[in-house]
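Everything on this sheet refers to the single structure shown next.
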There are 2 protein chains.
Amino acid sequence: MTGNSRFAVSVHILAYLAFRQGSAVPSAEIASSVDTNPVVIRRLLSALVKTRLVNAQKGATGGFSLAVPASDITLLHIYRAVEPQPAHGMNRFAPNHKCPVGAKIESILHGVFVKAQAGMEHELSQVTLAQVHEQLHSVCPGKKK
Amino acid sequence: MTGNSRFAVSVHILAYLAFRQGSAVPSAEIASSVDTNPVVIRRLLSALVKTRLVNAQKGATGGFSLAVPASDITLLHIYRAVEPQPAHGMNRFAPNHKCPVGAKIESILHGVFVKAQAGMEHELSQVTLAQVHEQLHSVCPGKKK
DNA sequence: CAATTAGTAACATTGTCGGTTACATAAACC
DNA sequence: GGTTTATGTAACCGACAATGTTACTAATTG
C-alpha cells in the first residue's frame, strides 16, 4: 500500500492494547510481540497519542492504553494517524510542461490518485479494531481439545 | 500509492502514445515529455509490451505504438502490468509468533490489505486510457481567443 | 533517592528507485 | 554492404526512505 510497514505495525500495536485491555502496557512488551526495537514502537505510538486514540503514562507502572473503545476505532483512523501525506505515487514525477501531454497529465493523474485512495480508504473505514480483536480470539489453532 | 512513480510514468507514456496515434514513437521522444532518461522509459515499456498493450519495433523509423484501442485499456491494466506484486505494506513485518497476538495478526492484516487493494483497483478499473486522452484535449488553458 | 518508563534526537544500516553508461541486436535506407 | 537509428538489457551509482540502535532527558512510582 505504502511500501513501509507503519500501518501494519500500528494495527498490531493497537490490537495488542485491546488484547491487554485496561492495563498500561510498556513499549518493551509490545516490541517483543512485534519483534522490533521499543523505540520503533514508541515512535508510532507518539502519533497515535497525538490523535487521542491512545493514552500514555510515564514512570514506573506506566505504559500505553487505549483511550477510546476498540469498537470506535476504525482502521482508517489508524491509517490517517500514522501514515504521512499520501504523496500519491507522484513523488519524483515532474514531466516536461513544454509538451502538451506533460503539461496536463499531472492534474489528470492527481484526480486518478484521489479516487483510488478514496476507494482504499473506504474499505479501511469498514473495519474496526474491535473486529480485529474478535478475530484474534476466534479459531485458536491447536487450542481446542 | 506505492511510493515509486512507475504507474504515473506509465500512464503518461500511454497517454503520449494515444496522443501520437498510429505513428511509431521512439523512447527518446517520450523521455523528453516525461523529462527523464530513455532507458527508464524503455524499462517500463518492456513490461507493457510483455502484456501486449504496446507494440515495439526496432530499427530506424521504429518505436512504440498502442497495440490495443485506448478505449480498451483501463488504468488497472496499466497498474497490473507495471507494478510488481503489491507486497501489501507488510514487507518488513515479521511479528513474534510465540505471542498470541503476533501469531494471528499477520493473516488478519493480509485480509485487510486484500480488501483495501481491491477497493483501490476497482477505481482504477473505472478509468480508461481513452478518457485520459480526452481530458488531455479538453480545456487547453491559454489556447482560447 | 532508585527504578522504571515515555519522549526524542542522532546516527548507522539497509534496500529501493531512478538515472546513467555501455553494448548487443535488429531494421530501414542509401 | 555499410551507416544510421532504434529497441533490449545488464551493470553500476547516488539519493533517499525506512528501520534499527544508542543515548540521553523528563516524569512518575514507591
Side-chain angles (χ1 to χ4, degrees), chain A residues 1-10 12-13 17 20 23-32 34-51 54-65 67 82-96, chain B residues 1-10 12-13 17 20 23-32 34-51 54-65 67 82-96:
Chain A
M1 201 139 49
T2 40
N4 63 36
S5 58
R6 276 200 282 268
F7 175 66
V9 173
S10 298
H12 185 151
I13 290 171
L17 293 184
R20 295 277 271 90
S23 23
V25 184
S27 61
E29 178 179 335
I30 307 174
S32 159
V34 177
D35 194 29
T36 184
N37 192 291
V39 175
V40 175
I41 301 297
R42 289 203 292 268
R43 275 204 284 245
L44 291 169
L45 275 162
S46 172
L48 295 165
V49 167
K50 281 186 186 110
T51 56
V54 169
N55 288 320
Q57 198 183 356
K58 285 188 176 179
T61 79
F64 299 91
S65 56
V82 143
E83 205 64 50
Q85 26 86 343
H88 282 343
M90 297 176 61
N91 278 327
R92 312 174 212 190
F93 182 66
N96 180 357
Chain B
M1 202 142 48
T2 40
N4 63 35
S5 58
R6 277 201 280 268
F7 174 66
V9 173
S10 297
H12 185 152
I13 291 171
L17 293 183
R20 295 277 270 93
S23 22
V25 183
S27 60
E29 179 178 337
I30 306 173
S32 159
V34 177
D35 193 30
T36 185
N37 193 292
V39 175
V40 173
I41 301 297
R42 289 203 293 268
R43 276 204 284 245
L44 290 169
L45 274 161
S46 172
L48 295 165
V49 167
K50 281 187 186 108
T51 56
V54 168
N55 287 320
Q57 197 184 356
K58 285 189 177 179
T61 79
F64 299 91
S65 55
V82 143
E83 206 64 49
Q85 27 87 343
H88 281 345
M90 297 177 60
N91 278 327
R92 312 173 212 188
F93 182 65
N96 179 357

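What you are looking at is a predicted structure, and each value in this text was computed from that prediction instead of being measured. A, B, ... follow the sequence lines: proteins, then strands. Residue 1 opens every chain.
The interatomic distance linking B/M90 (CE) with D/dT19 (P) rounds to 13 Å, in whole Å. Between the CG atom of A/L44 and the C1' atom of C/dT8 there is a distance of 14 Å, given to the nearest Å. The interatomic distance linking B/N37 (CG) with D/dA11 (C1') rounds to 14 Å, in whole Å. Look at CG on A/D35: it is 14 Å from P on D/dT19, rounded to the nearest Å. Atoms CG (A/N55) and P (C/dG7) sit 11 Å apart, rounded to a whole Å. The CG atom of B/N4 sits 12 Å away from the P atom of D/dA18 (whole-angstrom rounding). If you take CD of A/E83 and C1' of D/dA18, they are 11 Å apart, rounded to a whole angstrom. The interatomic distance linking A/I41 (CD1) with C/dT8 (C1') rounds to 16 Å, in whole Å.
At C/dG18, none of the side-chain N or O atoms of B/T36 fall inside 4.0 Å of OP1 or OP2 (strictly under the cut-off). At the phosphate of D/dA18, neither OP1 nor OP2 sits under 4.0 Å from any side-chain N or O atom of A/S5.
B/S65 and B/S23 get closest at one heavy-atom pair: CB-O, 3.9 Å. Nearest heavy atoms, B/E83 versus B/N4: OE2-ND2, 3.0 Å.
When side chains are defined from C-beta on, A/I30 does not count as touching A/H12, because their heavy atoms never get closer than 4.5 Å. The side-chain heavy atoms of A/V9 and A/I41, taken from C-beta on, include a pair separated by under 4.5 Å.
In this structure, CG on B/L44 lies 5.0 Å from CD1 on B/I13, to the nearest 0.5 angstrom. Remark: B/E29 CD to B/S32 OG distance equals 7.5 Å, nearest 0.5 Å. Rounding to the nearest 0.5 Å gives a distance of 10.0 Å between CZ of B/F93 and CG of A/D35. Residue B/L17 holds its CG atom at 6.5 Å from CG of B/L45, rounded to the nearest 0.5 Å.
Annotation: of the two residues near DNA chain C, B/P38 and A/S46, the 5′-most nearest-nucleotide partner is A/S46.
Listed nucleotides D/dA23, D/dT19, C/dG19 differ in distance to A/V39; the shortest reach to its side chain belongs to D/dA23. Here D/dT9 is the nucleotide among C/dT20, D/dT19, D/dT9 with the atom lying nearest to any side-chain atom of B/K50.
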Produce the list of close N/O pairs, under 3.5 Å, pairing protein atoms with atoms of nucleotides 11-14 of chain C; give distances to one decimal.
none

All N/O pairs under 3.5 Å across the protein-nucleotides 3-6 of chain D interface:
unit_1 : atom_1 : unit_2 : atom_2 : d
D/dT5  : O2     : B/A60  : N      : 3.0
D/dA6  : O4'    : B/G59  : O      : 3.4

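A side-chain hydrogen bond (donor to acceptor under 3.5 Å, both in side chains) check over residues 54-63 of chain A, counting only residues at least two apart or in different chains, returns nothing.
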